Each structure stands twice: as structure tokens, then as C-alpha cells.
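Only a predicted model underlies this, so the values are computations on that prediction, with no experimental measurement involved. The figures that follow rest on heavy atoms only: side chains count, while hydrogens, waters and symmetry mates do not.
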Amino acid sequence: MLSKDFSTSRVVIVDDVVANSRLLESSLKAFGLRDTLSFSDSAAALDWLRHNSWNLLLLDLDMPAPSGFDILRALAGRDRSTNPIIIITALGDTANRRTGLELGANDYLCKPVDLPEVILRVRSNLQLSHASMALQESNVLLENRVRERTAQLANSYGSVVRTLSRAAAYRDNETGNHIRRIGESAALIARAYGMDDHWVELIRQAAPMHDVGKIGIADNILLKPGPLTAEERTLMQTHPAIGHAILSDEHPSELTNLAAEIALNHHEKWDGSGYPQGLSGEQIPLSGRIVAICDVYDALRMPRPYKQPWSCEDSQRYIHEQAGKHFDPLLVAITEGLYEQIEALQHDLSDVSPKECPW
């Protein structure tokens, strides 16, 4: 008797001799298999097999087109473990046996068959099918759990990043909206540049960390209302390295890695005159080049204790003039096609609305 676990397994029999199909079907039902289906028309059988689920196929070879060999070829892309095939045929010579197995059959029986042996082979192949399906279900469950855990970790990293971003903003008399604008505008430019969705989302979360190193700058320098002395400016220019040190970790995530990269490089300039390393051109990581434009444009458009906000025309003119000097020329060209969206961010995420742009 077959295991109760197999009683609902779907077994398909394809044989153009109806008497053979009926004998096999009745034998399988006698041993507890309730879901059996027989075809004497091989074309109809192939169409059904392609569009329905099944656990085991008992297949004759010598049939009008499509033959059993044709059906094997048509089902070559199936999972052999989940959908095993047993050939039951009068073609018992070595060449046909080899061909059938090479085309993907799992087992081969020659007519006239010994019914107890057929049952044993059926049970063995159904065990394979059910074990394979159980493994696939287990893998799907495991993948879902890993995906959920990864999302939880990403949320945790994102929460830490947002917290540190806010801490840095408060130290610099900035607002949460300022750091959100930097993240959103960086994501806009990254997407227009052609980066994939994953990287776009990473820079959206990482870019607000660009000035976290200001946590390490003394208040008398960071909050000074007037111009900095040369010595004070030198100390201020250490904040990228401080930010990089804060965000670097022995076991980093993609997010903290990118945030550390941005913190270190967002004051580098295309012509090599920036700091802290004096990098130039594409030596500067893409993330730093993107955030450099976002940070400067936002600083120009928003009011500061020491200045009034620039108009959008003057701000955009400045960005254009700095292409090839401060900024990557390609990124400037991309940004010029995004100003309407960036200005919408300025409006929607602003504590004090900047002067509206004329569009």
C-alpha cells in the first residue's frame, strides 16, 4: 500500500492503447492513488501537461505523433525532481532506453510490466517529487524570512542614520528638512544618472549623513557668526574625516559604507581644489559628486544667519558656472533638467519657503 501522503498525488498516464492505461490506472487506485488521469491522445496529453500541475507521469514511447520521445523533448525544461517521468514501453532495446533517459526520463520499465514493481517504482518517484516540493517550499519560506530580516536590519540602519543626521543638523543650526532635501535631491540626480533602484534608495538614506562630522567641531568655530580665521577654517575642514571615522565600522552595512564615503568626499571639487584629499575628476566617488551639487544648491537657496536666500536663477547660474570647476559637468547637465523637481522639494520640505521660481 502506498503512503497516505501520496494518496492525493496527481499521476498522469499516457498510452495510446486504452487497455494499457486502464490496467495501470486501476492498479494505482487499488494501491491508494485517488488522483489519476489517463490519455490515449498524446497531443491532448502534452497540452494538458504543459498547463497543469502533476506529480508523476507514466509515459509510453511508441505512439502516433507526438511520440513519447517528442513529449520528453517538450518537457525538457521541467524540474525532474518535482515532476518525474517513468517510461513504460515495449521498446526495450538499449538504444531506446538510453535515448529516453538522455531526454530526461527518471526511470524506465519494459512491457509487459510486473505490477508490484510498477507500484514500487511509482512510490519511489513520488517520494522524490514530494521531497523536492517540500524542499522548495522550505527554501521559499527561508528566503522570505531572510528578506524580512534584511528589511528589518535595513530599517535599523536607516533609523541610526536618521538619528545621527538629526544630531549633526542640530549642532549646525540646521533642520530635519534640510537633511531630507539633500537625500531626496541626491536620489533624483542618481536616478537620472542611471543608477539602479537599490543604489538610489541607498543614497537617499545616506546623503543626509554628509555633515555628521560637524559633531566633532567645537561650538566656537561651528556656530561663529562671522568669517572664520585661517586656523579655524583648517579645523572646520576636518569634519569630512571626522564624519568618515564616525560612520566607518569593522562590520559595515551598504548604507553606512555609502554614508561614510559621502561624508569624506562631498567637499572634494572636480578641479582638485577641494578637501580633505584634493581628489579631482572621477577620482571623487559618484556619491560625493552628487551630494556636492545638492548641498551647495540647497545652501544657496535657503536663508542662513549670515545671508539671504539666493534666487533660483542666481543659484542655478552659479551651479552652471561651476561645471568643470567645483562640479562634475555631466552631473550639472543632468541637474539642470531636474530643477523643477528640486524646487518642488525646496517648497514642500522647507521651514521657510524660498523665493518662488518663475515656472
Side-chain angles (χ1 to χ4, degrees), residues 158 161-195 197 199-212 214 222-223 225 239 243 258-259 262-263 265-267 269-270 274 286-323 325-359:
V161 165
R162 289 188 294 272
T163 300
L164 285 172
S165 298
R166 287 193 296 271
Y170 282 125
R171 283 281 286 114
D172 197 21
N173 286 331
E174 287 289 2
T175 68
N177 280 339
H178 163 72
I179 61 176
R180 287 180 63 194
R181 289 194 302 271
I182 299 301
E184 295 298 328
S185 57
L188 281 174
I189 295 171
R191 188 179 302 281
Y193 185 81
M195 302 305 290
D197 290 345
W199 202 87
V200 169
E201 185 57 32
L202 280 178
I203 199 171
R204 186 197 311 278
Q205 296 187 53
M209 296 291 289
H210 63 290
D211 273 340
V212 73
K214 288 183 177 179
L222 188 65
L223 305 178
H239 81 268
L258 188 63
I262 291 170
N265 293 288
H266 72 286
H267 282 296
K269 296 184 179 181
W270 185 259
L286 175 63
S287 62
R289 286 180 271 148
I290 290 174
V291 173
I293 295 177
C294 299
D295 193 29
V296 170
Y297 188 78
D298 193 80
L300 295 175
R301 289 290 287 131
M302 288 293 146
R304 292 292 186 271
Y306 52 86
K307 75 168 188 68
Q308 291 298 310
W310 288 27
S311 69
C312 57
E313 296 93 342
D314 289 342
S315 301
Q316 291 165 21
R317 185 180 305 112
Y318 178 81
I319 297 295
H320 182 80
E321 290 171 350
Q322 290 297 310
K325 300 174 185 176
H326 190 154
F327 306 121
D328 179 343
L330 176 58
L331 290 178
V332 170
I334 290 172
T335 303
E336 288 175 338
L338 298 171
Y339 278 133
E340 187 168 354
Q341 296 174 67
I342 293 172
E343 282 297 324
L345 294 174
Q346 297 287 333
H347 180 272
D348 296 340
L349 300 176
S350 177
D351 298 302
V352 179
S353 297
K355 182 179 177 182
E356 297 290 335
C357 290
W359 48 55

Candidate pair Val291 and Ser287, rule side chain to side chain contact (heavy atoms under 4.5 Å, CB included), full reasoning: CA-CA 6 Å; Val291 173; Ser287 62; 5.5 Å; no

Using side chain to side chain contact (heavy atoms under 4.5 Å, CB included), reason through Trp270 and Val332 one step at a time and then give a plain yes or no. CA-CA 11 Å; Trp270 185 259; Val332 170; over 6 Å; no

Do you know which two heavy atoms are closest between [X] and [Y], and how far apart they sit?
{"X": "Leu300", "Y": "Ser315", "result": "CB-OG, 3.6 Å"}
{"X": "Ser185", "Y": "Ile342", "result": "CB-CG1, 4.4 Å"}
{"X": "Met195", "Y": "Leu286", "result": "SD-CD2, 3.7 Å"}
{"X": "Ala292", "Y": "His266", "result": "CB-O, 3.5 Å"}
{"X": "Ile203", "Y": "Ala190", "result": "CG2-CB, 4.0 Å"}

I'd like to know if the side chain of Arg301 reaches the main chain of Trp310, judged simply by a donor and an acceptor atom lying under 3.5 Å from each other, with no hydrogens or angles considered.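 Yes.
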
Is it true that a side-chain atom of His210 and a backbone atom of Ala207 form a donor plus acceptor pair closer than 3.5 Å?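 Yes; judged by distance alone, with no hydrogens or angles, the pair exists.
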
So how far is it from [X] [atom1] to [Y] [atom2], rounded to the nearest 0.5 Å?
{"X": "Cys294", "Y": "Leu338", "atom1": "SG", "atom2": "CG", "answer": "9.5 Å"}
{"X": "Ile262", "Y": "Asp295", "atom1": "CD1", "atom2": "CG", "answer": "11.0 Å"}
{"X": "Leu331", "Y": "Ile293", "atom1": "CG", "atom2": "CD1", "answer": "5.0 Å"}

Where do His267 and Asp211 land on the side chain to side chain contact (heavy atoms under 4.5 Å, CB included) test, with the steps shown first? CA-CA 10 Å; His267 282 296; Asp211 273 340; 4.2 Å; yes

Side chain to side chain donor-acceptor pair (under 3.5 Å) for Tyr297 and Glu343? Distances and angles first, verdict last. CA-CA 10 Å; Tyr297 188 78; Glu343 282 297 324; 2.5 Å; yes

Regarding Asp348 and Arg181, does a basic nitrogen lie under 4.0 Å from an acidic carboxylate oxygen?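 Result for this pair is no, no salt bridge flagged.
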
Hey, mind stepping through Leu188 and Leu345 against side chain to side chain contact (heavy atoms under 4.5 Å, CB included) and telling me if it holds? CA-CA 10 Å; Leu188 281 174; Leu345 294 174; 3.8 Å; yes

